[in-house]
Each structure stands twice: as C-alpha cells, then as structure tokens.
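Please read the structure below before turning to the comments.
The chains referred to below are lettered A, B, ... by the order of the sequence lines, with proteins before strands, and numbering in each begins at 1. A quick note: this is a predicted structure, and the numbers were derived from the prediction, not measured.
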4 protein chains.
Amino acid sequence: MGAVKSKRMPRAVREQQMLDAAVRTFGQRGYMAASMDEIAELAGVSKPLVYLYLNSKEDLFTACIRREAAALTAAIRVGVRTDQPADRQLWDGLLAFFTHTAQNPDGWSVLHLQARIHGEAFAGEVAAMREEIVAFVTQLIVVAAREAHRDPDLAEREVAGLAEALVGAAESLAAWANATPGVTARQAAATLMNFAWAGLGNLMEGRPWAPPAA
Amino acid sequence: MGAVKSKRMPRAVREQQMLDAAVRTFGQRGYMAASMDEIAELAGVSKPLVYLYLNSKEDLFTACIRREAAALTAAIRVGVRTDQPADRQLWDGLLAFFTHTAQNPDGWSVLHLQARIHGEAFAGEVAAMREEIVAFVTQLIVVAAREAHRDPDLAEREVAGLAEALVGAAESLAAWANATPGVTARQAAATLMNFAWAGLGNLMEGRPWAPPAA
Amino acid sequence: MGAVKSKRMPRAVREQQMLDAAVRTFGQRGYMAASMDEIAELAGVSKPLVYLYLNSKEDLFTACIRREAAALTAAIRVGVRTDQPADRQLWDGLLAFFTHTAQNPDGWSVLHLQARIHGEAFAGEVAAMREEIVAFVTQLIVVAAREAHRDPDLAEREVAGLAEALVGAAESLAAWANATPGVTARQAAATLMNFAWAGLGNLMEGRPWAPPAA
Amino acid sequence: MGAVKSKRMPRAVREQQMLDAAVRTFGQRGYMAASMDEIAELAGVSKPLVYLYLNSKEDLFTACIRREAAALTAAIRVGVRTDQPADRQLWDGLLAFFTHTAQNPDGWSVLHLQARIHGEAFAGEVAAMREEIVAFVTQLIVVAAREAHRDPDLAEREVAGLAEALVGAAESLAAWANATPGVTARQAAATLMNFAWAGLGNLMEGRPWAPPAA
DNA sequence: GATGAATGAGACTTCATTCAT
DNA sequence: TATGAATGAAGTCTCATTCAT
C-alpha cells in the first residue's frame with residue numbers, strides 16, 4: 001500500500017517519505033486521530049525510525065506544516081510576476097493558490113484546518129505563512145490605489161480587514177472547489193477575482209457602502 | 001471552577017449545563033482532545049450522568065452542534081427584517097452574525113472548525129445550517145438584482161460561488177475579529193459589507209473583471 | 001414490551017413479575033451480561049424497587065434459581081406416581097423433565113448453564129436440586145434391582161456414576177431437543193429411556209462390559 | 001504468581017503464555033468475569049501486548065477455544081486405533097477423553113461451559129468440534145451394528161439422539177469426575193462404557209424399552 | 001541504519017448501587 | 001409504595017513512546 005519498500009535509503013529521502021505519509025494521514029484523519037502506527041506503515045518504515053528522524057508526533061506535525069506552508073508560498077511566488085500590474089498579480093496569485101490547494105488537498109487540510117485547531121504552537125506556524133500572504137495582498141491593494149492615482153485614505157486596519165476577508169474568501173472557496181465536482185481552480189479564481197476586484201475598485205473610488213446609524 | 005454544585009436538578013436544566021460545558025471544552029480543546037472527564041467536571045456532574053443523558057461522546061457533540069447552529073440561525077433571523085431593502089437585510093444579517101459569533105466564540109469554533117473535521121455525520125449537521133445561510137444570501141443577491149431593475153444574467157453556479165465566497169469571508173472575518181483585540185462586530189460587518197456590496201454592485205452593472213487568456 | 005404497567009400492586013405479585021423478567025434476562029443474556037436496568041425495565045418497574053424487594057443482583061439471581069429449581073422438581077414430582085413400577089416411574093420422570101425444560105427454556109438455561117458458572121454459592125443451590133434428582137434416580141435403580149430379585153452388587157460410587165451419567169445425558173438431550181426443531185419431549189424421553197433402561201438391565205443381569213487391561 | 005518474567009521473548013512463545021493464562025482465567029472466572037487485566041498479569045505481560053498479539057477479548061477467547069478444541073480432538077485421535085473393534089475404539093476414545101479433560105480442567109471448562117454461553121460465534125466453534133466427536137461415535141454405533149451382523153434398523157435421528165446422549169453423558173461425567181475427588185479417568189470411562197455399550201447392545205438385539213401410550 | 005518487543009497512561013463506556021423525595 | 005437523579009468503580013481498548021538488539 002505504502003511507498004515501495006527498499007532498505008537503506010539516505011536520510012533525506014526517508015524523511016520526505018515520512019512527511020508524505022504524515023501529511024496524507026494528518027490531512028485525512030486529523031491530528032489526533034492520526035496514529036504514528038499508521039503513518040509509519042504508510043511510509044513503509046518502522047515506528048522507531050520515525051521517532052529517530054522526526055522526534056515526536058508534535059515535531060512531525062510541525063515539520064509537515066513547515067513543508068506544506070513553504071510549498072504553498074513557493075507556488076504562489078512562482079506564479080506571480082512582480083513586473084505586472086496589480087490586478088494581474090492578484091489574478092496570478094489566486095490562480096496559483098487555487099491550483100496548488102486543489103493538487104494538494106491533504107496539505108491544504110493540514111494548513112487550513114488541522115493546524116489551527118491544535119495548540120498555539122501549530123497555529124503560529126500557519127499564522128506566519130498567512131501573514132506573508134496577507135502582506136502580499138495588502139501591498140497589492142496599496143499599489144493598486146497608487147496606480148489609480150487615488151488616495152483611498154484607507155486606514156491600516158481597514159486594509160488589514162479587507163485582505164483578511166479576501167484571503168478568508170479564498171480559503172473558503174478552495175474548500176468549496178475541492179468539494180464541488182466540476183469546479184476548476186480557474187473558475188474559483190475568476191469568481192473571487194470578480195467579486196473582489198470590483199469591490200476594491202468601488203472602494204477606492206470613494207463609494208463605500210454606508211452603514212445605518214446604530 | 002465549574003458551575004455551582006447543587007444536587008438534584010431537573011433533567012432539562014442539567015442537560016443544558018452539560019451542553020454548556022461541552023461546547024466550551026470542545027471549542028477550546030477540539031473534539032478529540034476534549035475528554036469526557038473534563039466535560040463532566042466542568043459541568044459539575046459525574047461522568048455516568050453525562051452518558052445517561054447524552055449517550056456518547058458523538059451524541060454529545062452532535063447535540064452541541066445542533067444547539068449552536070440553532071442559536072446562530074435564530075440570532076440572524078431575529079436580526080433581519082424581511083420588509084427592508086436587500087442591502088439593509090444583508091447588513092443586519094452580517095451584524096447579527098458577527099455579534100453572535102463574538103459573544104459565543106466556543107460555539108462558533110465548534111461549528112466552524114471542529115464540526116467540519118470529524119466525520120461526515122458532524123459536517124453534515126453544519127452543512128445544513130450553512131446551506132440555510134447561503135440560501136439566504138443567495139436570495140438577497142437575486143433580490144438585489146431585481147431591485148436594481150437589472151438582469152445580471154448570473155449563472156446559478158456563479159451565484160453559488162459568490163455566496164460561498166461571501167459566507168467564507170464572513171467566517172474568516174469572524175475568526176479574525178475574535179482573535180484581534182479591539183475589532184468590534186460592527187467594524188467587521190462594515191468591512192465585509194463595503195467589500196461585498198460594492199463588488200456585487202459592479203458585477204450587476206455588467207462590469208466584471210476579465211481574466212486573461214490561459 | 002414488558003409487563004403491563006399498573007401501579008400499586010401487592011408485593012408478592014410485583015416480586016413474581018420481577019423474577020419473571022430476571023429469569024428471562026438471565027437465561028438469554030447470562031448472569032454477567034444481564035443488567036439490572038434491563039430487568040427492571042422488562043418488569044415494568046424502577047430499579048430502586050427491584051433493590052428494595054430483591055436486595056442485590058446476587059440475591060435476585062439466587063431467588064431465580066430457587067424458584068426455577070422448585071418448579072422443576074415439582075413438575076417431576078407431579079409427573080411421577082410412586083405406586084408404579086420402576087421403569088414406569090423413570091419414564092414418567094423423564095417425560096416430565098423434558099416437557100418442563102422445553103416449556104421453560106430460560107429457566108432451564110439459568111439452572112443448567114448460568115448457575116454452574118458463577119460462583120460456588122449459585123452452583124450450590126443447583127447442586128441441591130440436582131442431588132434430589134440423582135437420589136431419586138439412584139433409588140429407582142435400587143428398586144429395579146430389588147424388583148428383578150437380583151443383587152447387582154453395585155458399589156455406591158458406581159451407582160452414583162450411573163445416575164450422574166443418566167442425568168447428564170438427560171440434560172444434554174434437553175438442550176439438544178430445545179435446539180433441534182421437530183424433536184418433541186416425548187421423543188427425547190424415549191431415546192434416553194431406550195438407551196438407559198436397557199443398559200441398566202444388562203448391568204443388573206451381571207453382564208458388564210470388561211475394560212481391557214491397562 | 002504468573003509465569004517467570006523474562007523480557008524479550010519471541011512472539012510465538014509469548015502468545016502461548018498468553019493463551020495459557022487466558023484459558024486458566026476464562027475457565028475459572030468465566031468469560032465475562034475474566035478481566036484482561038488479570039489475564040495479562042497472569043501471563044506476566046502488560047495489557048497492550050495482549051491486545052497487540054490477540055487483538056481483542058473476543059479474539060482471545062476464540063483463540064483459546066480453537067487451541068483447546070484442537071488439543072482435545074488430537075488427544076482422542078491419538079488414543080484411538082481404527083484397526084480395532086468398535087467397542088475397543090469407543091473405550092479408548094472415552095479413556096482419552098476423560099484423561100485429557102482431567103488433565104486440562106480449565107480448557108474443558110472453556111469448551112464445555114463458557115463457549116456455549118457467550119454468543120453464537122463461540123458456540124459455533126465448539127459445535128464444530130462436538131460434531132466431529134458425535135460423528136465419530138455415530139460411526140462407531142453403525143460399525144458395531146454391522147459387526148454384530150444385525151440390522152438394527154435405527155433411524156438416523158435415533159442414532160443421532162443416542163450419540164448425543166452418549167456424548168452428553170460423557171461431558172457430564174467429565175465434570176463430575178473433575179469435581180469428585182478420587183474418581184479416576186479410567187473409572188469414569190468404565191462407568192460410561194458399561195452403561196452405554198450394554199444399552200446399545202440391547203438396542204441392537206431388538207429389545208427396546210416400550211413407552212406407554214400417551 | 002533499522003526494528004521486533006514492550007509498556008505507562010489515559011481514553012470512552014457501563015454497571016451495580018444509593019440518595020432524597 | 002415508588003422513583004428520578006446521581007455516582008464510584010471497573011471494564012475494554014488505543015496511543016505515543018522507548019528499549020535492546
């Protein structure tokens with residue numbers, strides 16, 4: 001079932017096999033329900049070897065988070081060319097994001113669902129990655145405002161909230177796209193882009209929606 | 001620590017105490033890490049009584065989900081007046097949503113994070129609630145189009161995606177607002193409303209963002 | 001499911017209802033697997049009432065054994081007329097035995113299987129009944145020998161062994177008859193009578209089977 | 001109390017130790033009253049190891065039944081030589097049976113008492129063994145009839161009943177012999193042989209006992 | 001580098017039994 | 001007479017983790 005069993009592999013390779021198995025197991029079973037037994041068997045090694053290399057269940061989980069977070073941000077970075085206009089950058093980023101999460105549902109589950117839930121240590125790891133993405137989006141908004149020669153006069157917190165909403169919508173759409181047959185990464189990206197860019201545009205043109213008095 | 005210990009209470013009251021303790025524990029520890037021991041102690045009763053009334057850990061969790069889902073949808077229903085224009089309805093709904101989730105962070109955690117992760121049975125309970133909300137939002141979008149005397153010609157799936165994105169953004173913002181000191185429910189609602197309503201408006205005026213060719 | 005619920009019954013009646021429920025439950029589930037909850041529900045009363053009347057699970061079980069043992073020996077006593085020849089007495093006894101056990105399988109299960117297994121206290125209760133039956137059979141053998149004007153010169157232990165074998169065969173046949181559709185009490189009795197009486201006859205005529213040298 | 005504690009034994013050996021402990025505990029306490037804790041302690045290992053090797057209480061019990069059933073039928077097979085006349089074969093079989101059960105009272109208790117009571121799965125395991133023995137006895141009766149150049153004209157069900165009665169008597173005598181000090185296997189076998197063979201002989205000579213009209 | 005053997009701790013669950021009315 | 005409310009104790013089972021080879 002698991003990886004092909006071949007003895008005496010270099011450590012780096014073995015470790016990746018273990019992380020593959022761990023991400024898959026954590027993603028499908030959840031952190032607590034995943035057992036080290038299952039991970040070891042799926043990796044095709046004995047349990048003591050997992051402990052020898054990865055130390056403990058917590059450390060193993062942290063290693064999974066780090067690897068998956070790095071892979072996701074790398075995918076986005078590769079997809080985006082910073083010499084493009086802001087809207088194109090956002091589009092490329094969204095497309096890369098939805099494509100990567102669709103291809104690595106277990107990794108995405110680990111980042112999006114599992115890591116948030118089990119202790120601040122894990123959540124912190126993910127928060128770092130998330131902040132990197134939020135910062136990227138925030139900067140795009142600012143650049144967009146400058147390109148439009150507007151001074152949207154958006155307070156910092158407001159921008160943070162917008163970026164948060166955008167990223168949250170993306171995360172939610174990623175889950176929805178993964179769960180809804182027939183929805184491609186491209187369609188998900190288009191839906192969100194439509195939704196977001198237009199909204200941002202209006203905002204920056206100074207036509208915000210005014211809440212009624214309390 | 002737990003509720004004041006007073007013996008011999010009628011069953012209905014004890015059950016609510018147990019559900020209170022369970023929601024709090026599940027929300028903070030997660031479904032698997034929450035132990036029946038801890039829940040019982042927090043409720044101020046013995047473990048067998050929890051089993052006598054709520055049957056099993058799964059059933060207890062399901063009961064939590066049902067209660068919290070009902071409370072959330074009720075809060076939104078109470079907050080929204082259907083004789084108002086669509087934008088006002090959306091605003092009221094968002095405000096009620098963010099207010100309720102801010103006041104019941106553990107309940108929201110149970111619905112948003114825990115229930116999704118542990119088995120289709122639980123996820124199904126939440127999905128039902130979520131679909132109710134998504135349907136409400138979807139209908140608002142359609143009504144808004146009609147109010148604007150426009151035929152936005154939005155495909156059904158596109159609307160579904162928009163509603164999904166909106167709800168997802170709301171869910172994400174709720175978590176963000178809960179975790180960020182100083183962010184009020186009103187602010188979160190305003191941020192999202194600004195973001196969403198403007199975007200929807202543009203969409204319906206037929207100015208969508210056009211993705212580049214693949 | 002259980003007995004018709006009617007409040008305020010005289011104690012003797014309630015006790016019989018409880019014993020009915022207990023015999024049925026013990027017979028079908030076994031002593032340990034039977035729960036006081038199930039017995040109380042089947043009897044249509046609350047658990048504390050069972051404890052008020054019958055004291056404890058052990059006492060309840062003992063009461064079951066006593067009642068069923070008394071019923072079985074009474075059935076045999078009623079079936080046998082001591083003014084008949086020995087073979088007729090044995091036949092009548094066997095017929096009564098197989099008839100009663102067929103009509104009260106749960107009671108028979110309690111006596112035959114459950115009581116033997118759970119502690120010497122219970123086994124002792126059954127042993128008393130069993131000895132009464134063995135004594136009856138033993139006496140029949142002696143009477144038969146006298147009727148045949150023979151002195152079979154059977155040692156006491158040998159007679160005890162014979163009676164034991166006969167009773168054991170009867171018990172086994174009762175279980176077999178209960179479990180094999182289409183086997184009546186009369187057939188079971190005939191089979192055993194054929195087997196036993198002829199063997200006894202040969203024995204008493206001094207034609208034992210000779211075991212080979214060690 | 002338990003086996004001598006020596007760490008790091010090969011799995012096969014440990015499994016036998018566990019089965020030894022389990023047979024003893026199940027035989028003396030009964031299936032339900034036997035606790036895995038007690039079995040593990042008697043085996044000189046920790047409870048998790050028992051579960052690792054034997055999987056569950058049910059599986060452990062089944063393994064006990066299988067081992068003991070195999071041991072008993074093997075003992076009988078070894079004791080009987082099929083080139084002997086039927087009466088000698090029956091004698092040898094009985095002797096082997098009583099000898100084995102006397103030497104393995106706990107194993108016999110597991111087969112005779114415990115297994116029958118707890119679920120059809122277990123009873124089925126024993127029933128298979130019992131049928132093997134009943135078939136052996138049945139065949140002996142048929143062979144005996146042929147050797148006597150008689151046509152006993154015994155209906156199939158009648159023979160089945162006889163074999164059942166014989167085996168039942170043997171089972172009962174085995175329990176009796178185990179419980180009665182001073183009764184040897186040889187004596188038990190002789191008692192039953194006397195009883196049975198003579199009875200069978202008479203039967204086959206066409207002198208059955210005639211039951212009275214209903 | 002790799003593993004079969006082994007375990008302490010703790011999870012969920014059930015039961016016989018009692019208390020207070 | 002009768003019961004709804006409540007629990008201490010014990011059961012089966014799983015898991016992360018380590019030892020000795």
Q: Convert the base pairs of DNA chain E into dot-bracket notation, remembering that pairs crossing earlier ones are written with [ ] and that bases paired across to another strand are shown as |; include only Watson-Crick or G-U pairs under 3.5 Å.
A: .||||||||||||||||||||

(Q) I'd like to check the side chain to side chain contact (heavy atoms under 4.5 Å, CB included) partners of I117(A); sequence neighbours left out, ordered by chain and number. (A) L113(B), Q114(B), I117(B)

Q. Rounded to whole angstrom units, what separation is found between the CG atom of D59(B) and the P atom of dC12(E)?
A. 14 Å

Q) Could you give the CG-to-P distance, from L49(D) to dC13(F), as a whole number of Å? A) 15 Å

**Q.** Length of the CG-C1' vector between L54(D) and dC13(F), whole Å
**A.** 14 Å

Q. What pairs with A70(A) under side chain to side chain contact (heavy atoms under 4.5 Å, CB included), at least two apart in sequence or on another chain?
A. none

Q: May I ask you to verify whether the side chain of R8(D) and the base of dA20(F) hold a donor-acceptor pair under 3.5 Å?
A: no

Q) Residues in side chain to side chain contact (heavy atoms under 4.5 Å, CB included) with E68(B), at least two apart? A) V23(B), L111(B)

For nucleotides 9-11 of chain E, give me every protein contact, N/O to N/O, under 3.5 Å, one pair per line with atom names.
none

Q: Specify the separation, in whole Å, of atom CZ of F26(B) and atom P of dC12(E).
A: 8 Å

Q.
If I take atom CD in residue E41(A) and atom C1' in nucleotide dC15(F), what distance separates them, rounded to the nearest angstrom?
A. 15 Å

Q) When the distance from CD of E38(B) to C1' of dC12(E) is rounded to whole Å, what number comes out? A) 15 Å

Q) Whole-Å distance between dA2(E) P and M9(A) CE? A) 8 Å

Q.
Of the listed nucleotides (dT17(F), dT7(F), dT7(E)), which one gets closest to any side-chain atom of S56(A)?
A. dT17(F)

(Q) My understanding is that only residues two or more places apart in sequence, or in another chain, count here; which of them pass side chain to side chain contact (heavy atoms under 4.5 Å, CB included) with Y51(D)? (A) M36(D), K47(D)

**Q.** Contact nearer the 5' end of DNA chain E, comparing N55(B) with R11(A)
**A.** R11(A)

Q. Where the side chain of R14(B) is defined as all heavy atoms beyond and including C-beta, which of dA6(F), dA6(E), dC12(E) is the nearest nucleotide?
A. dA6(F)

Q) Which value, rounded to the nearest 0.5 Å, describes the distance between T62(D) atom OG1 and K57(D) atom NZ? A) 12.0 Å

(Q) Going by ring pair (Phe, Tyr, Trp, His ring centres under 6.0 Å), name the pairs with one or both residues in residues 12-35 of chain D, residues two or more places apart or in two chains. (A) F26(D)-Y31(D), F26(D)-F61(D), Y31(D)-F61(D), Y31(D)-H118(D), Y31(D)-F122(D)

**Q.** Pairs touching residues 116-129 of chain D that satisfy salt bridge (Lys or Arg N to Asp or Glu O under 4.0 Å), sequence neighbours left out
**A.** R66(D)-E125(D), R116(D)-E171(D)

Q) How long is the line joining CG of L52(A) and P of dC19(F), in whole Å? A) 13 Å

Q. Atom CD in E15(A), atom CG in L49(A): separation rounded to 0.5 Å?
A. 9.5 Å

Q: Tell me whether the OP1 or OP2 atom of dT7(E) has a side-chain N or O from Y51(D) closer than 4.0 Å.
A: no

(Q) Please enumerate all residues that pass salt bridge (Lys or Arg N to Asp or Glu O under 4.0 Å) together with D106(D), with sequence neighbours excluded. (A) none

Q: Report the nucleotide, chosen from dT7(F), dA6(E), dA2(E), that has the shortest atom-to-atom distance to any side-chain atom of Y53(A).
A: dA2(E)

